[in-house]
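Convention: sequence-line order gives letters A, B, ...; per-chain numbering from 1.
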Amino acid sequence: MSKAKEALLAGVVLLVSRLRRKPRLKERERLVATAPPRPGWELVALILLLATAICAAAFIVVYALDRLPRETQLLGLSLGLAFVFLAAALIVTAKRLIVTEELEDDYPVIEHPDEQETVAQLVEESGDRLTRRRLFKVGLGAAGGAIGLALLAPVASLGPVIDMDPFYGTPWRRGRRLVDENGRPWRASDIEQDNFYTAFPQHADREELGSPLVLVRLAERELDLPADLAHFPARGIVAYSKICTHAGCAINLYRAPLFQPAEPKPALVCPCHYSTFDPATGGDVLFGPAGRKLPMLPIYVDALDELRAAGNFDGPVGPSWWGVRLRRPRTETSP
Amino acid sequence: MTRRTASTALALVATLAAAPAAAAPPLSDLAARGYHLYGQYCIACHGANGQGVLQPVPNRAGAGPGRAQEQQTALAPSLQGVGALSADFYLRTGYMPLREVGMQPRRSRVLFDEGQIRALIAYVASLGRGPPIPQPHPERRNLSEGMKLFTDHCAGCHQIVAEGGYLTGAIPPPLENATAVQIAEAVRIGPYVMPRFSKKSISDRELDSIVRYVQYTKHPDDRGGWAIGHLGPVPEGLIAWFLGATALVGICIVIGKRLKRE
């Protein structure tokens, strides 16, 4: 640990020493009046810059911890204070540390090619009061860098980059009953054609993404499932994840035609962006922005006419993530 | 209303003649009148004795008084067993006659008078055993239960204050003009692509609550002040921004003027 620290420190020192001050191009007549250094104000500015960096770092820490009480207020306070301190540091620098002079006329018109040099000289000489220039630069860099990092911190909320494992877990396993919102098991005879029903896993967390299902009964002749999904329905009842594969909204619209020959065919529709899925073909996308088909759950009817899961979904549940198509969901081992 | 081209009349006569005479049941006077009206306005699509036309049949006479009287494809569901409930709903909402086969039925001008509607309902009811016209009693039931049930079963498509919505391939209608009986009928029928709710899913008592809530949505209690079409936060936000931005621009102008004066 200490070795790593030393290496880091050595690296920083090396980097700073390389940013050596360029030698003045040539000695010229001063443009800016000389002024005595003000070490006291310099210290104030440096402390303010340090406070900026600390506040910005505090923002990152609070954001990363994600479990403090009054987190929102702390986030606002830390980022707000960072900007207040930065503003104060800049004001102190401008008012107390940069040499200012009052001129009746403008600076004399500068001709090429000395122009750039003159501007550089002006800047250089304006900073004459600063006795610890390099430290000042480091302070500014630290403040700016910390604020920049703080502003980038929310990017981490876009999701995990490495560990996608939690996304694949669902509470479904063979034998688990399908229950309604009151915890009553769904019976096959409850599920009528041209209507749709919501189901949850019995004795499991309903808030999990993989929990809610939408149940639909179709006429056996309407089903047109691919071979690997052919055994998924039970008595014409098909079960799909209720969570849209586009943005994770709950699918709560069902298109149930009264007279199929002249009307649109049955479809599950998400109310958010109108992704439309075909319940007859295994949840294929018929329309809308969804990129994957709706995950289907294999079910069977037990001796008591109750619906039970026969396994897990045929694909990952919910909105897409990196590598979503590479793996199949697994059953969580927790009770 | 009775003006038809000679060819249409001919086609209708031919179709009526083709109907098997033996299938005609003994009809009441009202139903007998409905039988003739059915022959005039409905048979082209729904077929003889309401048996339906389940495969597209080209070049049948158009249906509907004074509507699209051109030749068009016939395709319509069977009316046997749909009962007085369906006939009452489709005729009194103006859903039938349909302008064109395959289009979504919309609430439109009712083209039959009261006597004709009664006659047609009596005839359709005589085609098979079917549900009677429901008699909802919303005043007996509970508004908050109605709101909960409406949220669960209806609001996804019809929007929470029944302003209607949008679905891929269909338009769930607003319910502002739906009568209590029509709401009760629609829940049981599931017109067009609407799901159908049996008494097991929504009991008659629960349905009464839903009807009461839908009637409430016609004049809801707008706690926030302006209703802005009851369309929710987006138009409300738009208006807030519009007012807010106007106020800010006004303030800027005032500030700018003061500076100029000095």
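Below 4.5 Å, heavy atoms of chain B meet heavy atoms from A:Phe287, all part of residues 283-292 of chain A. Residues of residues 182-195 of chain B lying under 4.5 angstrom from chain A, judged on non-hydrogen atoms, are B:Ile189, B:Gly190, B:Pro191, B:Tyr192, B:Val193, B:Met194, B:Pro195 by number.
The candidate from B:Ala76, B:Ser78, B:Gly52 with the greatest count of non-hydrogen atom pairs under 4.5 Å with chain A is B:Ala76. When the candidates B:Ser201, B:Ala170, B:Ala155 are compared by the number of heavy-atom contacts under 4.5 Å with chain A, B:Ser201 comes out ahead.
Using a 4.5 Å cut-off between heavy atoms, A:Gln260 makes no contact with chain B at all.
Of the inter-residue distances, the one linking A:Thr198 atom OG1 with B:Asp152 atom CG reads 8.5 Å to the nearest 0.5 angstrom. Here the CZ atom belonging to A:Arg255 is positioned 11.0 Å from the SG atom belonging to B:Cys157, to the nearest 0.5 angstrom. Taking NZ from B:Lys200 and CG from A:Asn195, the interatomic distance works out to 11.5 Å, rounded to the nearest 0.5 Å. Remark: B:His153 NE2 to A:Tyr254 OH distance equals 16.0 Å, nearest 0.5 Å.
Closest non-hydrogen pair, B:Leu75 versus A:Pro261, comes out as CD2-O, 3.7 Å. Closest non-hydrogen pair, A:Phe259 versus B:Leu54, comes out as CE1-CD2, 3.7 Å.
No more than 12 heavy atoms of other residues, nucleotides or ligands sit less than 6.0 Å from atom NZ of A:Lys265. Crowding of B:Arg205 atom CZ: a count of heavy atoms from other residues, nucleotides or ligands under 6.0 Å not exceeding 12. Around atom NZ of B:Lys199, no more than 12 heavy atoms belonging to other residues, nucleotides or ligands sit under 6.0 Å away.
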